[in-house]
Amino acid sequence: MNQDSDGKDPREARREKLRKIEEMGIDPFGCRFDDRSFIADCRQRSETEIKWTRQDGEEVPLPDFADENLDYRQWKADNGPGAESGPTVRVAGRIMLSRDTGKLIFANIRDWTGDIQIFIGKKQVGEENFALAKLFDLGDLVGAEGRLGRTNTGELTVFAEKLFLHSKMLEPAPDKHAGLTNPDLRQRMRYADLAFNDGAMQAFLDRTKIVKSIRSTLDRDNFCEVEGPTLHVVPGGAAARPFATHHNALDMPLTMRIALELHLKRLMVGGMERVYELGRVYRNEGISPRHNPEFTMLECYQAYGDYGTMMDLTEQLIVDAIDAIGGGYIRQFDGKTIDFTPPFQRATYADLFQKATGIDASDEAAVIEHAKKLNLETEGKHPDVIRNEIFEEQVEDTLEGPIFVIDYPASICPLTKRKRDNPEIAERFELFVLGMELANAYTELNDPDLQQQLFETQLQGLEEEDSMAKMDHDFVRALRYGMPPAGGLGVGIDRLVMILADKKSIRDIILFPLLRPE
RNA sequence: GAGGGUGUAGCUCAGUCGGUAGAGCAACGGACUUUUAAUCCGUUGGUCCAGGGUUCGAGUCCCUGCACCCUCACCA
């Protein structure tokens with residue numbers, strides 16, 4: 001780069017200022033800063049603690065600063081002579097905007113609670129502080145101590161008496177208005193995205209609230225949070241391609257887990273009657289706006305419940321999550337309206353199939369014929385697999401929801417208990433919202449012999465890796481020790497957050513999505 | 001994996017018919033003690049994603065590759 005010390009390159013200009021700050025004997029990377037106030041708290045305190053007192057000692061109520069047409073300078077003239085008083089505060093944050101009018105600098109700083117303006121007057125802060133302020137750049141982390149008050153235009157302001165530099169930013173700042181919009185850079189440099197894009201943090205804070213809410217709902221119902229292994233010898237509990245890895249000392253192949261299910265059920269056998277895990281799972285598959293190779297699942301299991309119990313729980317979890325982030329049960333996603341007011345709609349798989357295709361789901365010949373019309377591959381596939389492909393193609397995408405689809409064909413549910421009066425139907429539901437599967441729940445299969453048989457019988461037309469029916473001998477042995485009848489629920493946390501935060505891409509709610517290296 | 005789009009200054013983006021690179025912001029110099037994307041005057045800044053080709057001449061046309069975005073497929 002151009003290293004003329006005329007500072008043409010923004011990076012070099014910042015380095016040059018860094019050197020000057022060091023020459024002033026100031027550490028450009030700051031130190032502990034006690035007694036600082038969050039900006040949101042300053043804003044709140046300003047409402048009661050900024051006062052206007054006339055010279056005669058009478059306190060005059062301040063005008064409405066939210067009023068766009070307010071001329072505070074005029075108001076002061078009309079209500080004076082007098083003086084404004086306010087508490088002294090210490091604030092810290094990143095410089096987002098700055099206006100230098102010579103011997104007076106206005107800087108807008110931001111901490112994670114909000115923005116506030118700082119008034120830096122040469123006379124008010126003194127020569128040394130002012131010289132430091134002249135070396136501030138957009139993006140620097142700074143601090144100010146001073147009186148909280150209002151400028152002539154009514155803007156809430158910290159009138160600085162002392163200034164601090166907490167960290168000099170050595171990279172050029174993004175466009176001060178547009179921010180960092182390049183989606184690649186936003187994901188690669190999430191720090192810059194969060195720091196410079198208005199509202200970028202909100203979806204992530206909502207995510208945290210939703211996860212906290214889920215924990216609190218489950219804890220309230222006496223569920224116990226546990227941590228299962230993420231390195232699995234047999235990748236089970238879902239139909240997905242796992243990431244392969246290897247343990248050196250044991251010279252043993254391992255996979256990253258694709259689901260939480262089988263270990264949680266082992267705990268049910270052990271007597272942990274209500275367990276859940278909120279954890280990361282890994283699937284070695286395509287990346288899309290709705291798929292990231294690692295994502296977060298909730299799975300919970302309740303002894304002596306069934307899938308109906310889980311339906312109630314699902315509604316409760318979602319309702320509580322919405323209460324946690326606010327905004328009400330009627331929500332927008334991508335311009336569409338979704339009503340989460342419970343109870344959610346319920347419909348059986350067979351009815352939805354009948355309605356969408358006009359044919360009876362149990363009429364195998366008609367199903368196969370219909371599949372051929374849709375150009376679906378039917379050769380060598382189990383009729384239930386074909387039927388499910390039709391269901392996905394013609395039903396799932398049309399489900400606006402929230403809707404519980406209940407009672408799935410048993411053959412595509414190898415971990416699910418069958419209906420007592422109809423072994424062809426499994427007690428399973430999936431919750432759909434705008435074509436997205438948000439939750440999946442079963443009355444759990446606890447018959448070890450049937451489980452073993454289902455593991456052994458590969459579904460026709462499915463590769464082993466495409467089937468959930470992967471033999472896990474230890475799991476079957478666990479079932480032989482006796483697992484109570486139970487309801488189990490899985491929730492895709494990322495998709496729930498997407499829908500509740502109105503974000504179309506999973507990358508907008510995963511802080512560090514997987515990217516190719518630069 | 002298939003199709004489409006994008007890639008130009010630190011950031012956000014223009015760039016006509018193929019004719020020697022543009023703006024705003026940022027940066028640098030100057031003026032300004034109540035500004036609000038401050039304003040005003042001046043200046044600097046380019047491996048036009050990479051490589052190859054066509055051409056007298058390529059940011060522009062062609063080919064290959066890379067990255068990202070969108071749609072589809074995969075993800076039961």
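Given the structure is predicted, the values throughout are model-derived calculations rather than measurements.
A:Phe119 comes within 4.0 angstrom of a nucleotide base, judged by non-hydrogen atoms across all strands. Residue A:Gln124 is classed as a base contact, given a heavy-atom separation below 4.0 Å to a base. Residue-level contact check: A:Asn182 touches the backbone only, with heavy atoms under 4.0 Å from sugar-phosphate atoms and none from bases. Contacts of A:Gly286 with the nucleic acid, taken as non-hydrogen atoms under 4.0 Å apart, include base atoms. Contact annotation for A:Lys17: backbone-only contact, meaning every heavy-atom pair under 4.0 Å involves sugar-phosphate atoms and none involves a base. Looking at heavy-atom distances under 4.0 Å, A:Arg188 makes contact with sugar-phosphate atoms alone, never a base. A:Asp184 comes within 4.0 angstrom of sugar-phosphate atoms only, judged by non-hydrogen atoms across all strands, and of no base. Across all strands shown, A:Lys176 has heavy atoms under 4.0 Å from sugar-phosphate atoms exclusively, and none from any base.
Close to B:U34, at under 4.0 Å from its OP1 or OP2, lies no side-chain N or O of A:Arg73. Look at A:Arg11 and you won't find any side-chain N or O under 4.0 angstrom from OP1 or OP2 of B:G10. Using a 4.0 Å cut-off, no side-chain N or O of A:Arg99 falls inside it from OP1 or OP2 of B:U35.
Judged by distance alone, with hydrogens and angles left aside, the side-chain atoms of A:Asp494 form a donor-acceptor pair with the main-chain N or O of A:Thr296 at under 3.5 Å. At least one donor-acceptor pair closer than 3.5 Å links the side chain of A:Arg207 to the backbone N or O of A:Ile509. One N or O on the side chain of A:Arg418 and one on the backbone of A:Thr416 form a donor-acceptor pair closer than 3.5 Å. A donor-acceptor pair is defined here as one N or O able to donate and one able to accept, closer than 3.5 Å; no such pair exists between the side chain of A:Asp140 and the backbone of A:Val142.
The CD1-C1' distance, from A:Ile105 to B:U39, rounds to 16 Å in whole Å. Per the geometry, CG belonging to A:Leu104 stands 8 Å off P belonging to B:U33, to the nearest Å. What separates CZ of A:Phe136 from C1' of B:A26 is a distance of 18 Å, to the nearest Å. We find that CG of A:Asn129 is positioned 16 Å from C1' of B:U33, with the value rounded to whole Å. Protein atom CG of A:Asp100 is 13 Å distant from nucleotide atom P of B:U34, rounded to whole Å. The interatomic distance linking A:Gln187 (CD) with B:C68 (P) rounds to 9 Å, in whole Å. At whole-Å resolution of the value, CD in A:Glu285 and P in B:A73 are 15 Å apart. Spacing between atom CD1 of A:Ile116 and atom C1' of B:U35 amounts to 15 Å, rounded to whole angstrom units.
Distances were taken from every side-chain heavy atom of A:Arg241 (C-beta onward) to each of B:C74, B:C68, B:U33; the shortest belongs to B:C74. Listed candidates were B:C11, B:U35, B:U33. Nearest to the side chain of A:Pro174 is B:C11. Side-chain atoms of A:Arg516 lie closest to B:A67 of the nucleotides B:U35, B:A67, B:A27. Of the candidate nucleotides B:A37, B:A73, B:A26, B:A73 has the atom lying nearest to any side-chain atom of A:Ser288.
Across all strands shown, nothing is found opposite B:A14 as a Watson-Crick or G-U wobble partner with both distances under 3.5 Å. B:G42 is paired with B:C28 under the criterion used here, namely a Watson-Crick or G-U wobble arrangement in which both key atom distances are under 3.5 Å. Within the shown strands, B:U71 is the pairing partner of B:A2 under the Watson-Crick or G-U definition, both distances less than 3.5 Å.
Taking atom C1' in both B:A23 and B:C66, the straight-line distance is 29 Å, to the nearest Å. For B:C49 and B:C56, the C1' atoms lie 27 Å apart once the distance is rounded to whole Å. For the P atom pair drawn from B:G29 and B:C68, the interatomic distance equals 39 Å after rounding to whole Å. For the C1' atoms, the distance from B:U20 to B:G5 is 29 Å, rounded to whole Å. Comparing the C1' positions of B:G46 and B:G15 gives a spacing of 14 Å, expressed to the nearest Å. Remark: the separation of the C1' atoms in B:U55 and B:U71 is 37 Å, to the nearest Å. Taking the C1' atoms as reference points, B:U47 lies 12 Å from B:U8, given to the whole Å. If you take atom P in B:G65 and the same atom in B:G4, they sit 14 Å apart, rounded to whole Å.
Residue whose closest nucleotide on RNA chain B sits further toward the 5' end, between A:Thr181 and A:Lys123: A:Thr181.
By the 30° and 60° cut-offs, the orientation of the rings of A:Trp52 relative to A:Trp75 is perpendicular. Note on ring orientation: taking the six-membered ring where Trp is involved, the planes of A:Phe391 and A:Tyr349 are parallel (angle under 30°, cut-offs 30° and 60°).
For B:U34, its base never sits under 3.5 Å from the side chain of A:Glu155 at any donor and acceptor pair. The base of B:U33 has none of its N or O atoms less than 3.5 Å from a complementary donor or acceptor on the side chain of A:Thr101.
Ring centroid separation for the pair A:Phe159 and A:Phe119 comes in under the 6.0 Å cut-off. Annotation: A:Phe65 is in aromatic contact with A:Tyr72 [ring centroid separation under 6.0 Å].
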